[in-house]
Amino acid sequence: MPAAAANITASDLLATLSVQVENGTGYDRALFPHWIDADSDTCDTREEILIAESTTTPTTGASCKVISGTWNSWYDGAIWINPSDVDIDHVVALKEAWDSGANAWTTAKRQRYANDLDYAWSLDAVTDNVNQSKSDKDPAQWLPPLASVKCTYAIHWTAVKYRWHLAIDTAEKNALAAILTGSCGSTSIPTPPLGS
(Lines give C-alpha, C1' and ligand atoms only; values in the text may rest on other atoms or scores of the structure.)
Protein backbone atom coordinates (compact mmCIF):
# COMPACT_ATOMS: atom_id res chain seq x y z
CA MET A 1 0.00 0.00 0.00
CA PRO A 2 1.56 3.33 -0.99
CA ALA A 3 2.30 5.86 1.72
CA ALA A 4 -0.22 8.65 2.10
CA ALA A 5 0.74 11.94 0.51
CA ALA A 6 2.19 14.47 2.93
CA ASN A 7 -0.50 17.01 2.02
CA ILE A 8 -3.96 16.84 0.51
CA THR A 9 -6.60 19.42 -0.34
CA ALA A 10 -9.70 19.55 1.82
CA SER A 11 -11.99 18.72 -1.10
CA ASP A 12 -9.83 15.74 -2.09
CA LEU A 13 -9.88 14.52 1.51
CA LEU A 14 -13.67 14.71 1.51
CA ALA A 15 -13.74 12.64 -1.69
CA THR A 16 -11.94 9.78 0.10
CA LEU A 17 -14.71 9.32 2.68
CA SER A 18 -17.16 6.47 2.30
CA VAL A 19 -20.83 7.49 1.98
CA GLN A 20 -23.15 5.22 3.96
CA VAL A 21 -26.49 5.32 5.75
CA GLU A 22 -25.95 5.87 9.47
CA ASN A 23 -26.76 3.15 11.99
CA GLY A 24 -27.60 4.61 15.40
CA THR A 25 -28.88 1.42 17.01
CA GLY A 26 -27.54 0.62 20.47
CA TYR A 27 -25.63 3.83 21.21
CA ASP A 28 -24.70 4.53 24.81
CA ARG A 29 -22.19 7.20 25.83
CA ALA A 30 -20.71 4.73 28.33
CA LEU A 31 -19.49 2.66 25.35
CA PHE A 32 -16.86 5.39 24.84
CA PRO A 33 -14.85 5.54 28.11
CA HIS A 34 -13.74 9.17 28.16
CA TRP A 35 -11.80 11.64 30.22
CA ILE A 36 -9.26 9.03 31.22
CA ASP A 37 -5.73 9.69 32.47
CA ALA A 38 -3.92 7.96 29.63
CA ASP A 39 -0.37 8.86 30.69
CA SER A 40 -0.92 8.50 34.47
CA ASP A 41 0.13 12.09 35.23
CA THR A 42 -3.13 12.74 37.22
CA CYS A 43 -4.48 14.92 34.36
CA ASP A 44 -7.47 13.40 32.58
CA THR A 45 -8.24 14.21 28.95
CA ARG A 46 -10.44 17.20 29.82
CA GLU A 47 -7.73 18.76 31.98
CA GLU A 48 -5.07 18.02 29.33
CA ILE A 49 -7.07 19.95 26.71
CA LEU A 50 -7.77 22.83 29.10
CA ILE A 51 -4.04 23.10 29.84
CA ALA A 52 -2.99 22.76 26.19
CA GLU A 53 -5.49 25.29 24.84
CA SER A 54 -5.24 27.98 27.53
CA THR A 55 -3.65 31.10 26.05
CA THR A 56 -2.32 32.05 29.49
CA THR A 57 -0.55 29.83 32.01
CA PRO A 58 -3.37 27.85 33.64
CA THR A 59 -3.67 27.36 37.39
CA THR A 60 -4.21 23.81 38.59
CA GLY A 61 -5.17 22.38 41.94
CA ALA A 62 -5.34 18.90 43.44
CA SER A 63 -5.41 15.99 40.98
CA CYS A 64 -4.58 18.37 38.10
CA LYS A 65 -7.97 20.12 38.37
CA VAL A 66 -7.71 23.25 36.23
CA ILE A 67 -8.89 26.25 38.27
CA SER A 68 -8.25 29.13 35.87
CA GLY A 69 -6.80 30.03 32.49
CA THR A 70 -7.93 31.77 29.31
CA TRP A 71 -9.79 29.95 26.56
CA ASN A 72 -10.72 31.32 23.15
CA SER A 73 -13.78 29.45 21.90
CA TRP A 74 -13.19 29.50 18.16
CA TYR A 75 -16.75 28.35 17.37
CA ASP A 76 -18.20 31.66 18.58
CA GLY A 77 -15.24 33.96 19.31
CA ALA A 78 -15.96 34.10 23.05
CA ILE A 79 -13.15 34.29 25.63
CA TRP A 80 -13.48 32.55 29.01
CA ILE A 81 -11.35 32.51 32.16
CA ASN A 82 -13.41 30.06 34.22
CA PRO A 83 -12.99 26.44 33.08
CA SER A 84 -16.60 25.70 34.04
CA ASP A 85 -17.66 27.95 31.14
CA VAL A 86 -16.06 25.70 28.53
CA ASP A 87 -16.79 22.17 27.39
CA ILE A 88 -14.37 19.89 25.62
CA ASP A 89 -16.03 19.20 22.28
CA HIS A 90 -15.47 15.98 20.37
CA VAL A 91 -15.42 17.63 16.93
CA VAL A 92 -17.14 14.50 15.63
CA ALA A 93 -19.46 13.71 18.54
CA LEU A 94 -19.40 10.26 20.13
CA LYS A 95 -22.88 9.36 18.89
CA GLU A 96 -22.03 10.59 15.39
CA ALA A 97 -18.92 8.40 15.48
CA TRP A 98 -21.02 5.44 16.66
CA ASP A 99 -23.57 5.97 13.89
CA SER A 100 -20.78 6.27 11.31
CA GLY A 101 -18.86 3.08 12.05
CA ALA A 102 -17.63 3.11 15.66
CA ASN A 103 -20.43 0.71 16.57
CA ALA A 104 -18.23 -2.03 15.07
CA TRP A 105 -15.14 -1.06 17.09
CA THR A 106 -13.81 -2.59 20.29
CA THR A 107 -14.34 -0.66 23.52
CA ALA A 108 -10.58 -0.07 23.63
CA LYS A 109 -10.66 1.65 20.22
CA ARG A 110 -13.67 3.74 21.23
CA GLN A 111 -11.72 4.81 24.32
CA ARG A 112 -8.78 5.88 22.14
CA TYR A 113 -11.19 7.86 19.95
CA ALA A 114 -12.88 9.56 22.91
CA ASN A 115 -9.52 10.63 24.37
CA ASP A 116 -7.64 11.46 21.17
CA LEU A 117 -4.86 13.74 22.38
CA ASP A 118 -2.62 12.73 19.47
CA TYR A 119 -4.44 14.84 16.87
CA ALA A 120 -5.03 18.51 17.60
CA TRP A 121 -8.27 18.71 15.61
CA SER A 122 -10.13 15.96 17.50
CA LEU A 123 -10.95 17.84 20.71
CA ASP A 124 -11.51 21.55 21.39
CA ALA A 125 -12.30 23.73 24.39
CA VAL A 126 -15.39 25.73 23.40
CA THR A 127 -18.20 27.71 25.02
CA ASP A 128 -20.35 25.24 26.97
CA ASN A 129 -23.77 26.29 25.66
CA VAL A 130 -22.47 26.37 22.07
CA ASN A 131 -21.25 22.80 22.50
CA GLN A 132 -24.62 21.84 23.97
CA SER A 133 -26.45 23.40 21.01
CA LYS A 134 -24.27 21.32 18.70
CA SER A 135 -24.92 18.13 20.71
CA ASP A 136 -24.39 15.18 18.35
CA LYS A 137 -25.33 17.00 15.14
CA ASP A 138 -23.31 16.74 11.93
CA PRO A 139 -22.57 19.70 9.58
CA ALA A 140 -25.87 19.19 7.72
CA GLN A 141 -27.62 20.02 11.01
CA TRP A 142 -25.23 22.40 12.80
CA LEU A 143 -22.32 24.72 12.04
CA PRO A 144 -20.44 27.10 14.37
CA PRO A 145 -22.26 30.40 14.92
CA LEU A 146 -19.15 32.33 13.84
CA ALA A 147 -19.48 32.37 10.04
CA SER A 148 -15.78 33.02 9.46
CA VAL A 149 -14.78 29.62 10.90
CA LYS A 150 -17.18 27.40 8.95
CA CYS A 151 -14.48 26.47 6.42
CA THR A 152 -12.05 25.53 9.18
CA TYR A 153 -14.75 23.55 10.99
CA ALA A 154 -15.64 21.60 7.84
CA ILE A 155 -11.95 20.81 7.27
CA HIS A 156 -11.48 19.63 10.85
CA TRP A 157 -14.64 17.52 10.69
CA THR A 158 -13.55 15.89 7.44
CA ALA A 159 -10.06 15.26 8.81
CA VAL A 160 -11.36 13.54 11.95
CA LYS A 161 -13.68 11.37 9.89
CA TYR A 162 -10.73 10.41 7.67
CA ARG A 163 -8.41 9.78 10.63
CA TRP A 164 -10.83 7.31 12.17
CA HIS A 165 -12.14 5.82 8.90
CA LEU A 166 -15.69 6.94 9.67
CA ALA A 167 -18.36 7.16 6.99
CA ILE A 168 -20.51 10.16 6.10
CA ASP A 169 -24.16 10.15 5.07
CA THR A 170 -25.46 11.85 1.95
CA ALA A 171 -26.81 14.98 3.65
CA GLU A 172 -23.55 15.37 5.57
CA LYS A 173 -21.50 14.98 2.38
CA ASN A 174 -23.61 17.56 0.57
CA ALA A 175 -23.27 20.05 3.43
CA LEU A 176 -19.50 19.58 3.57
CA ALA A 177 -19.15 19.75 -0.23
CA ALA A 178 -21.06 23.05 -0.24
CA ILE A 179 -18.48 24.51 2.16
CA LEU A 180 -15.39 22.83 0.74
CA THR A 181 -15.47 24.67 -2.57
CA GLY A 182 -13.29 27.40 -4.03
CA SER A 183 -10.41 28.52 -1.85
CA CYS A 184 -11.76 26.58 1.15
CA GLY A 185 -11.81 23.29 -0.76
CA SER A 186 -8.37 23.93 -2.23
CA THR A 187 -6.84 24.48 1.22
CA SER A 188 -3.86 22.15 1.55
CA ILE A 189 -3.59 20.33 4.87
CA PRO A 190 -1.28 17.62 6.20
CA THR A 191 -2.88 14.24 5.49
CA PRO A 192 -4.31 13.21 8.89
CA PRO A 193 -2.51 10.32 10.57
CA LEU A 194 -4.77 7.29 10.88
CA GLY A 195 -6.13 6.39 14.31
CA SER A 196 -6.21 2.80 15.44
So, for [X] and [Y], which heavy atoms are closest and what is the spacing to 0.1 Å?
| X | Y | value |
| --- | --- | --- |
| Pro33 | Ala114 | O-CB, 3.8 Å |
| Cys184 | Ala10 | O-CB, 3.8 Å |
| Ala140 | Ala171 | CB-O, 3.6 Å |
| Ser135 | Ala93 | O-CB, 3.7 Å |
| Thr56 | Gly69 | OG1-C, 3.6 Å |
| Asp76 | Pro145 | CB-CG, 3.9 Å |

Any [X] side-chain heavy atom under 4.5 Å of [Y] side chain:
| X | Y | result |
| --- | --- | --- |
| Trp157 | Glu172 | yes |
| Pro193 | Asp118 | no |
| Trp71 | Asp85 | no |
| Glu48 | Leu123 | no |
| Val149 | His156 | no |
| Leu50 | Glu47 | yes |
| Leu143 | Tyr153 | yes |
| Leu194 | His165 | no |

Pair Asp128-Trp80, side-chain donor/acceptor within less than 3.5 Å: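 Short answer, no.
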Indicate whether any N or O donor in one side chain lies under 3.5 Å from an N or O acceptor in the other, for Asp136 and Tyr27.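 No - no donor-acceptor pair under 3.5 Å links their side chains.
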Checking [X] side chain against [Y] main chain: does a donor-acceptor pair fall under 3.5 Å?
| X | Y | value |
| --- | --- | --- |
| Thr187 | Ser183 | yes |
| Asn115 | Ala38 | no |
| Asn174 | Ala178 | no |
| Asn82 | Ser84 | yes |
| Gln20 | Ala167 | no |
| Arg110 | Trp105 | yes |
| Thr70 | Ile81 | no |

Report the relative orientation of the aromatic rings in His90 and Trp35; use parallel for angles under 30°, tilted for 30 to 60°, perpendicular for over 60°.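 Correct class here is parallel.
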In sequence, state the C-alpha distance, the side-chain angles, and the governing distance for Val160 and Tyr113, and then conclude on side chain to side chain contact (heavy atoms under 4.5 Å, CB included). CA-CA 10 Å; Val160 172; Tyr113 176 84; 4.1 Å; yes
Do you reckon [X] sits in the same ILVMFWY cluster as [Y], going by side-chain contacts under 4.5 Å, direct or chained?
| X | Y | result |
| --- | --- | --- |
| Phe32 | Ile49 | no |
| Leu180 | Leu13 | yes |
| Trp142 | Leu94 | yes |
| Trp164 | Ile155 | yes |
| Ile179 | Ile8 | yes |

Nearest 0.5 Å please: distance from the [atom1] atom of [X] over to the [atom2] atom of [Y].
| X | Y | atom1 | atom2 | result |
| --- | --- | --- | --- | --- |
| Asp12 | Tyr162 | CG | OH | 11.5 Å |
| Thr127 | Asn72 | OG1 | CG | 9.5 Å |
| Leu17 | Ile168 | CG | CD1 | 4.5 Å |
| Ile51 | Cys64 | CD1 | SG | 4.0 Å |
| Lys95 | Asp28 | NZ | CG | 11.5 Å |
| Thr45 | Asp37 | OG1 | CG | 8.0 Å |

If you apply the rule side chain to side chain contact (heavy atoms under 4.5 Å, CB included), what do you find for Ile79 with Thr55, and how did you get there? CA-CA 10 Å; Ile79 298 173; Thr55 59; over 6 Å; no
Is Lys161 salt-bridged to Glu96, going by a charged N under 4.0 Å from an acidic O?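 A salt bridge is present here (some side-chain N lies under 4.0 Å from a carboxylate O).
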Is the count of non-hydrogen atoms from other residues, nucleotides or ligands lying under 6.0 Å from [X] atom [atom1] greater than 12?
| X | atom1 | answer |
| --- | --- | --- |
| Ile36 | CD1 | yes |
| Lys65 | NZ | no |
| Lys173 | NZ | no |

Given the rule in the side chain to side chain contact (heavy atoms under 4.5 Å, CB included) test, do Lys134 and Val126 qualify, once you have shown the distances and angles that lead to the verdict? CA-CA 11 Å; Lys134 173 186 171 180; Val126 299; over 6 Å; no
Before giving the answer on side chain to side chain contact (heavy atoms under 4.5 Å, CB included), spell out for Glu22 and Ser100 the whole-Å C-alpha distance, their side-chain angles and the decisive distance to 0.1 Å. CA-CA 6 Å; Glu22 290 186 352; Ser100 306; 3.9 Å; yes
